[in-house]
Amino acid sequence: MDFEFTPEQKSLREEVRAFLEEERRRGSFIPKCDSWQWSISREFSRKLGERGYIGMTFPREYGGGGKGFVDRLIVTEELLKYGAPVAGHWIADRQIGASLLAYGSEEQRREFLPRIAKGEIFFCAGMSEPEAGSDLASLKTRAVDKGDHFVINGQKIWTTIAHEADYIYLIARTDPEAPKHRGLSEFIIDMKTPGITIRPIYDMRGGHHFNEVFFDDVKVPKDMLVGEKNKGWYQITPQLDYERSGIERLMSNYILFDAIKGYMREKGIYRDKYLLTKLSELLIEFEVGKLLVYRCALMLDSGKVPNYESSCAKVFCTSFEQRLSNFAMDILGLKGALQKGELIFEWASDDYLSSPNYTIQGGTSEILRNIVAMRGLGLPSK
């Protein structure tokens with residue numbers, strides 16, 4: 001197997017690094033952990049759009065770069081290494097664009113894809129509900145066909161960046177009489193539509209990127225139905241594969257990982273054989289995680305959507321992130337949880353408080369192991 005990048009890909013990586021170094025020097029952003037969920041800058045997203053770093057895999061006719069998924073992965077890997085503010089456009093670039101290319105109408109593609117690629121509009125994803133998390137198909141949000149429009153009522157929860165998003169990509173029930181997997185449909189809804197209420201959900205670190213979103217008689221034009229009515233479940237499942245296979249599941253806290261290595265060197269902690277062994281294990285696991293993620297990108301470039309492969313990647317990578325969080329607190333001790341002022345301590349504290357989310361959001365590890373068992377290993381479901 002050849003793991004070598006092409007000369008063009010190596011040049012792309014150096015180009016992105018040079019851009020990020022210059023932006024950091026100018027003070028365009030302060031590096032943050034979990035920057036793909038927490039750190040939003042419309043100005044920075046537009047800069048990325050101008051350089052062609054968003055919508056890289058979209059066809060050129062829709063404003064994209066016409067490049068491969070490995071190229072996109074190289075760019076996103078570097079963005080996460082620097083903790084750059086990418087949360088605003090992340091969901092649209094990662095999965096909404098692919099869904100519109102697969103199922104959207106020509107009008108929807110021409111309306112939304114160029115604006116996503118320019119970093120002009122942000123999307124959130126309206127999936128989970130209070131009683132429909134792991135069992136997404138049991139959702140209750142209703143979309144009633146009124147002839148020339150739909151009327152939507154219901155609630156979504158854990159909706160990342162809903163308070164900043166311009167649109168929500170929503171899945172709702174359009175046939176309450178059909179079996180639960182066969183009566184769902186997908187919609188694009190302008191977040192300024194009357195009847196939408198957003199309430200923040202604050203986490204243990206006191207931060208806010210999750211939200212509850214309520215829909216009260218929200219009118220949605222008929223042309224904002226994505227794909228076929230009542231076929232939403234079969235359309236949304238490939239989108240989840242895009243969501244789970246990204247390198248953000250491995251590199252949410254890369255800047256902390258890098259800082260811990262420097263801290264150990266500065267304090268002479270490398271001489272502790274136990275801690276050195278634990279660090280070595282994390283370094284090896286990080287490289288394995290990268291291989292799993294790059295495998296998914298290579299599959300996408302070959303025209304295949306990774307299914308159980310993306311589940312493998314997410315289970316492994318999010319578990320790595322939790323082990324990294326625990327290791328950082330072992331190194332820094334209570335000081336790491338309490339001290340403020342130095343970025344390494346703030347990063348370690350925030351990471352530790354956020355880390356329980358990693359193996360839950362985007363699909364729990366338990367559900368993903370079932371996918372690997374049934375679809376990857378061919379084991380019986382019962």
Side-chain angles (χ1 to χ4, degrees), residues 3 17 30-39 73 76-84 203-207 244-296 309 311-366 368-369 372:
F3 291 101
R17 285 178 180 172
I30 297 174
K32 290 186 179 180
C33 290
D34 276 328
S35 65
W36 66 277
Q37 295 187 96
W38 286 90
S39 193
L73 179 50
T76 57
E77 182 180 349
E78 295 305 316
L79 289 168
L80 293 171
K81 278 184 180 178
Y82 282 78
D203 63 14
M204 289 190 292
R205 61 195 273 188
R244 292 164 178 165
S245 62
I247 201 163
E248 64 272 19
R249 304 297 180 181
L250 177 72
M251 294 185 63
S252 287
N253 298 294
Y254 184 85
I255 57 173
L256 172 62
F257 194 20
D258 207 36
I260 285 293
K261 288 183 283 184
Y263 183 86
M264 290 179 67
R265 187 178 299 110
E266 176 190 342
K267 302 297 183 180
I269 300 175
Y270 274 124
R271 289 191 289 271
D272 185 309
K273 291 184 179 180
Y274 171 77
L275 293 177
L276 182 59
T277 299
K278 297 300 291 184
L279 176 62
S280 300
E281 289 173 353
L282 287 172
L283 289 167
I284 293 168
E285 290 170 3
F286 178 77
E287 294 302 322
V288 172
K290 282 181 66 174
L291 289 176
L292 292 172
V293 172
Y294 270 94
R295 175 176 69 163
C296 292
E309 295 89 352
S311 295
C312 284
K314 184 180 181 298
V315 167
F316 185 90
C317 292
T318 53
S319 297
F320 162 82
E321 287 280 39
Q322 289 180 338
R323 288 191 290 274
L324 169 59
S325 172
N326 292 334
F327 180 73
M329 294 304 288
D330 286 344
I331 294 293
L332 300 175
L334 289 175
K335 187 178 180 182
L338 300 175
Q339 181 164 321
K340 297 295 181 183
E342 289 188 56
L343 283 176
I344 187 173
F345 295 110
E346 292 187 17
W347 292 339
S349 176
D350 286 348
D351 179 27
Y352 189 74
L353 293 174
S354 295
S355 62
N357 294 339
Y358 296 147
T359 52
I360 299 173
Q361 62 191 16
T364 67
S365 292
E366 291 79 7
L368 299 183
R369 288 189 179 99
V372 173

**Study point:** Distance in Å, F316 CZ paired with L368 CG, rounded so as to fall on 0.5 Å steps
**Key:** 14.5 Å

Check your understanding: Hey, are the side chains of L279 and F257 touching, using non-hydrogen atoms and a 4.5 Å cut-off?
Key -> yes

Review point. Any side-chain heavy-atom pair from I260 and M264 closer than 4.5 angstrom?
Key: yes

Practice item. Indicate yes or no: at least one non-hydrogen side-chain atom of F320 is less than 4.5 angstrom from one of L282. Key: yes

Check your understanding: Do Y352 and N253 come within less than 4.5 Å of each other through their side chains, counting heavy atoms only?
Key -> no

Check your understanding: Any sub-3.5 Å donor-acceptor pair from S280's side-chain atoms to L276's backbone N or O?
Key -> yes

**Study point:** Set of residues satisfying salt bridge (charged side-chain N to carboxylate O under 4.0 Å, His left out) with respect to E248, sequence neighbours excluded
**Key:** R94

Practice item. Any chance you could measure T364, atom OG1, to R369, atom CZ, to the nearest 0.5 Å? Key: 9.0 Å

**Study point:** Side-chain donor/acceptor of S349 to backbone N/O of E346, under 3.5 Å
**Key:** no

Check your understanding: Is the side chain of T318 donor-acceptor paired with the backbone N or O of R249 at a distance under 3.5 Å, no angle test?
Key -> no

Practice item. Inspect the contact between R323 and E281 and indicate whether a charged nitrogen and a carboxylate oxygen are less than 4.0 angstrom apart. Key: no

Practice item. Enter the distance from I344:CD1 to E266:CD here, rounded to the nearest 0.5 Å. Key: 8.5 Å

Check your understanding: Quick one: are L80 and I247 in side-chain contact, heavy atoms under 4.5 Å?
Key -> yes

**Study point:** Nearest-0.5 Å distance that lies between atom NZ in K314 and atom CD in Q361
**Key:** 7.0 Å

Check your understanding: Taking everything shown except K278 itself, do over 12 heavy atoms lie less than 6.0 Å from its NZ?
Key -> no

Check your understanding: Say you draw a straight line from NZ of K273 to OG1 of T277; how long is it, rounded to the nearest 0.5 Å?
Key -> 9.0 Å

Review point. Does the Q322 side chain pair with the main chain of S355, one donor and one acceptor, at a distance under 3.5 Å?
Key: yes

Check your understanding: Looking at CG of L79 and CH2 of W36, how far apart are the two atoms once the value is rounded to the nearest 0.5 Å?
Key -> 14.0 Å

Exercise for review: Determine whether E77 and V293 make a side-chain contact, defined as any pair of heavy atoms from C-beta on separated by less than 4.5 Å.
Suggested key: no

Check your understanding: What are the two closest heavy atoms between A259 and W347, and how far apart are they?
Key -> CB-CZ3, 3.9 Å

Check your understanding: Is L291 atom CG crowded by more than 12 heavy atoms from other residues, nucleotides or ligands, each under 6.0 Å away?
Key -> yes

Check your understanding: Can you tell if the side chain of S354 reaches within under 4.5 Å of the side chain of Q37, non-hydrogen atoms only?
Key -> no

Exercise for review: Determine whether I331 and I269 make a side-chain contact, defined as any pair of heavy atoms from C-beta on separated by less than 4.5 Å.
Suggested key: yes

Practice item. Kindly give the heavy-atom pair with the smallest separation between D272 and L275, and that separation in Å. Key: OD1-N, 3.1 Å

